[in-house]
Amino acid sequence: MKRKQQKKMHNIKDIRNDFENFKERLKNRNIDINLDNILSLDEENRKLIQEKEKFEMEKKSISKSKDQSLFEKSKELSLKIEEINKNQIKLQNRINDILSSIPNIPLSDVPVGQDENSNKEIEKKGEIKEFNFVPKSHYELGDKLNMLDFDLATKTTGSRFVFVKKELAQLERAISNFMIDTHTQKNGYTEISPPLIATAETMFGTGQLPKFENDQFEIKLDEGDERKFLIPTAEVILTNIVKNQILEKNELPIRVVASTPCFRKEAGSYGKDTKGMIRQHQFYKVELVSIVENDKCTEELERMSNSATMILDALKLPYRKIVLCTGDMGFSAEKTYDIEVWLPSENKYREISSCSSCGSFQARRMKARYKGQNNSKEFVGTLNGSGLAVGRTMIAIMENYQTEDGSILIPDVLKPYMPNIDKISIN
RNA sequence: GGAGAGAUGGCUGAGCGGUUGAAAGCAUCGGUCUUGAAAACCGACAAAGGGGCAACUCUUUCCUGGGUUCGAAUCCCAGUCUCUCCGCCA
């Protein structure tokens with residue numbers, strides 16, 4: 001039988017064999033990489049490999065012959081090989097840099113488009129409440145309640161951080177617990193409490209490196225010389241649990257959930273959402289990750305996004321689900337659903353979850369495989385999604401459940417998590 | 001922080017400086033047998049990369065990076081990780 005060829009990142013062979021097709025499929029992704037010279041680099045690279053291997057073969061036969069008279073010759077060969085090898089590795093690295101900066105290829109049913117204007121709404125649910133007063137923003141509410149303190153955060157830490165206090169802090173915790181309980185009890189996810197720090201290799205696996213280093217917080221540990229980063233999302237650490245592994249088929253699917261802080265520099269979003277806690281350097285998120293057989297990605301994406309919307313249904317928050325177009329998707333995704341929740345103060349929907357199938361893109365970077373039919377080693381499929389962003393869920397609850405006097409009602413499903421309280425008000 | 005032990009294929013685990021890409025076992029796959037299964041027996045079974053339409057063939061890889069040597073899984077140096085013991089502290 002045919003052996004499946006192993007790939008890493010994008011496979012140069014595939015690109016070589018069908019360059020036009022490859023370019024075509026990527027052209028809608030808004031990439032700024034010059035693909036044209038990769039073929040000539042590849043050709044030169046292979047020439048060097050051939051040259052090197054010719055000398056290696058010669059050297060090998062000398063050492064096998066144990067013919068002392070040829071030993072001098074062998075030394076010379078070593079020098080030549082070393083020389084060629086140096087150049088070849090340099091070239092190979094250049095090619096790998098390019099390859100590892102090329103995003104995933106969109107699935108064929110993903111709408112084509114440049115930016116968010118081409119995203120397609122596919123579902124809208126929940127009733128948008130009519131207020132008989134002007135609804136306040138979450139930061140106005142939080143300020144009035146004296147439970148969201150941005151100034152204090154600025155004093156201790158800097159901008160884009162917040163102190164959440166008193167009942168609101170309790171609410172944040174309740175939201176997180178409710179989500180985890182739902183996903184573990186109803187949706188078949190296993191709870192994990194992972195490290196919040198990842199190695200550079202781990203970050204590469206899910207696609208945060210090398211391209212998006214600017215958005216990551218690097219931290220310094222004394223030990224070792226491997227670079228380490230605060231996770232921008234639990235996706236990084238949860239997906240990489242299968243890194244460098246060959247799984248048995250019956251170990252799949254793996255479904256895990258974790259509630260973790262996430263750390264992002266938010267570089268390039270300077271003027272955006274500067275007020276309130278929509279966009280922070282640090283925020284809590286409940287993350288869902290699925291590792292599946294690579295032909296099960298599509299159905300798993302539906303399952304995952306349904307797990308996410310289940311939370312919004314339970315909280316009775318109005319939302320809509322959209323498919324991101326080719327130009328708006330993240331680097332590693334082949335298809336993405338964004339779920340957006342209604343925010344009365346902004347009079348529009350705002351992202352509260354993003355669920356992506358990455359196909360085998362991350363698996364190739366992580367070298368995560370499983371044994372398929374006839375022992376063939378297949379790359380796993382990976383998916384990740386927020387289930388949901390905790391801070392933004394709190395915002396949505398505050399704004400949608402506010403009353404005229406600035407109090408916030410507690411959604412029914414959260415009441416067991418907030419004993420003795422059915423609303424949050426100034427005390 | 002101090003003292004040791006170790007890192008080899010999907011897993012367990014041998015390995016003398018020169019047919020060792022690597023024994024053996026397990027797992028897996030194919031076959032014989034069986035009504036079917038199990039057992040037993042026979043066979044196959046690492047990856048990446050290059051060349052070739054193909055049969056096939058070549059190179060590299062025994063934690064990582066250097067070094068010694070005509071030749072390194074095997075010797076030397078540095079690093080990483082894991083385990084055990086002692087101390088210390090959440």
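Note that these values count all heavy atoms, side chains included, but never hydrogens, waters or copies made by symmetry. Per chain, numbering begins at 1; letters A, B, ... match sequence-line order.
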query: Within this structure, what is the CZ-to-C1' distance between A:R369 and B:C11, rounded to whole angstrom?
result: 15 Å

Donor/acceptor link under 3.5 angstrom from A:E53 side chain onto base of B:G49: yes

task: Using Watson-Crick or G-U wobble geometry with both distances below 3.5 Å, tell me the partner of B:U59, or none.
output: B:A48

query: Considering residues at least two apart in sequence or located in another chain, which fulfil the salt bridge (charged side-chain N to carboxylate O under 4.0 Å, His left out) criterion with A:E287?
result: A:K285

message: Suppose you measure atom P in B:C81 against the same atom in B:A27; what distance do you get, rounded to whole Å?
response: 35 Å

task: Would you mind pulling out the nucleotide paired to B:C53, Watson-Crick or G-U wobble, both distances under 3.5 Å?
output: none

- prompt: How far, in whole Å, is B:C33 from B:A39 if one measures between their C1' atoms?
  reply: 11 Å

Qualifying residue, where the test is side-chain hydrogen bond (donor to acceptor under 3.5 Å, both in side chains) with A:S357 and the options are A:K335, A:E334, A:K296, A:E299: A:E334

field: Spacing between A:E44 atom CD and B:G50 atom C1', to the nearest angstrom
entry: 16 Å

message: Can you check the distance between B:A7 and B:U34, where both ends of the measurement are the C1' atom (answer in whole Å)?
response: 45 Å

- request: Using atom CD of A:Q88 as one end and atom C1' of B:U59 as the other, report the distance to the nearest whole Å.
  value: 11 Å

message: Under 4.0 Å from OP1 or OP2 of B:G51: is there any side-chain N or O of A:R46 that close?
response: yes

- request: For B:G25, give its Watson-Crick or G-U wobble partner with both distances under 3.5 Å, or none.
  value: B:C11

message: Suppose we screen for salt bridge (charged side-chain N to carboxylate O under 4.0 Å, His left out). Which residues come up paired with A:K316, at least two apart in sequence or across chains?
response: none

- line: When rounded to whole Å, the CG to P distance for the pair A:N244 and B:A47 reads 16 Å

query: Nearest of B:G10, B:G51, B:U59 to any side-chain atom of A:E56?
result: B:U59

query: How many Å lie between NZ on A:K54 and P on B:U60, as a whole number?
result: 15 Å

- request: Please examine the side chains of A:S332 and A:T206, heavy atoms only from C-beta on, and report whether any two atoms are closer than 4.5 Å.
  value: no

Gap between atoms CD and P, on A:E51 and B:U60 respectively (whole Å): 16 Å

field: Euclidean distance for P, B:A14 against B:A24 (whole angstrom)
entry: 15 Å

Counterpart base for B:G71, defined by Watson-Crick or G-U wobble contacts under 3.5 Å: none

query: Do A:D14 and A:F22 come close enough that some side-chain heavy atom pair is under 4.5 Å?
result: no

- request: Whole angstrom is fine here: how far is it from CD in A:E58 over to P in B:U59?
  value: 12 Å

query: Is the distance between the ring centroids of A:F212 and A:F331 under 6.0 Å?
result: yes

message: Can you tell me the base-pairing partner of B:C41? Count Watson-Crick or G-U wobble geometry only, both distances below 3.5 Å, and say none if there is no partner.
response: B:G31

statement: note: A:I246, atom CD1; B:C11, atom P; distance rounded to Å ~ 7 Å

message: Strictly below 4.0 Å: does A:K13 bring a side-chain N or O up to OP1 or OP2 of B:G50?
response: yes

message: Any strand counts, and the cut-off is 3.5 Å on both contacts for Watson-Crick or G-U wobble. Which nucleotide pairs with B:C85?
response: B:G2

statement: A correct 5'-to-3' footprint of nucleotides 61-78 of chain B, with B, S and - meaning base, sugar-phosphate only and no protein heavy atom under 4.0 Å, is ---------BS-------

- request: Could you check if a side-chain atom of A:V242 sits within less than 4.5 angstrom of a side-chain atom of A:E251, using non-hydrogen atoms only?
  value: no

- prompt: Rounding to the closest angstrom, what is the interatomic distance between B:A73 and B:U64 at atom C1'?
  reply: 15 Å

task: Assess the side chains of A:S305 and A:K321: does a donor N or O sit below 3.5 Å from an acceptor N or O?
output: yes

- prompt: Can you tell me the Watson-Crick or wobble partner of B:U19, both distances under 3.5 angstrom?
  reply: none

query: Does a side-chain N or O from A:K60 land closer than 4.0 Å to OP1 or OP2 of B:U60, or not?
result: yes

- prompt: Distance under 6.0 Å and angle within 45° of the ring axis: does A:R365 meet both against A:F204?
  reply: yes

query: Distance between the P atoms of B:U19 and B:U60, in whole angstroms?
result: 14 Å

message: Can you check the distance between B:G2 and B:U8, where both ends of the measurement are the C1' atom (answer in whole Å)?
response: 30 Å

message: Taking the P atom in each of B:G10 and B:G49, what is the distance between them to the nearest angstrom?
response: 15 Å

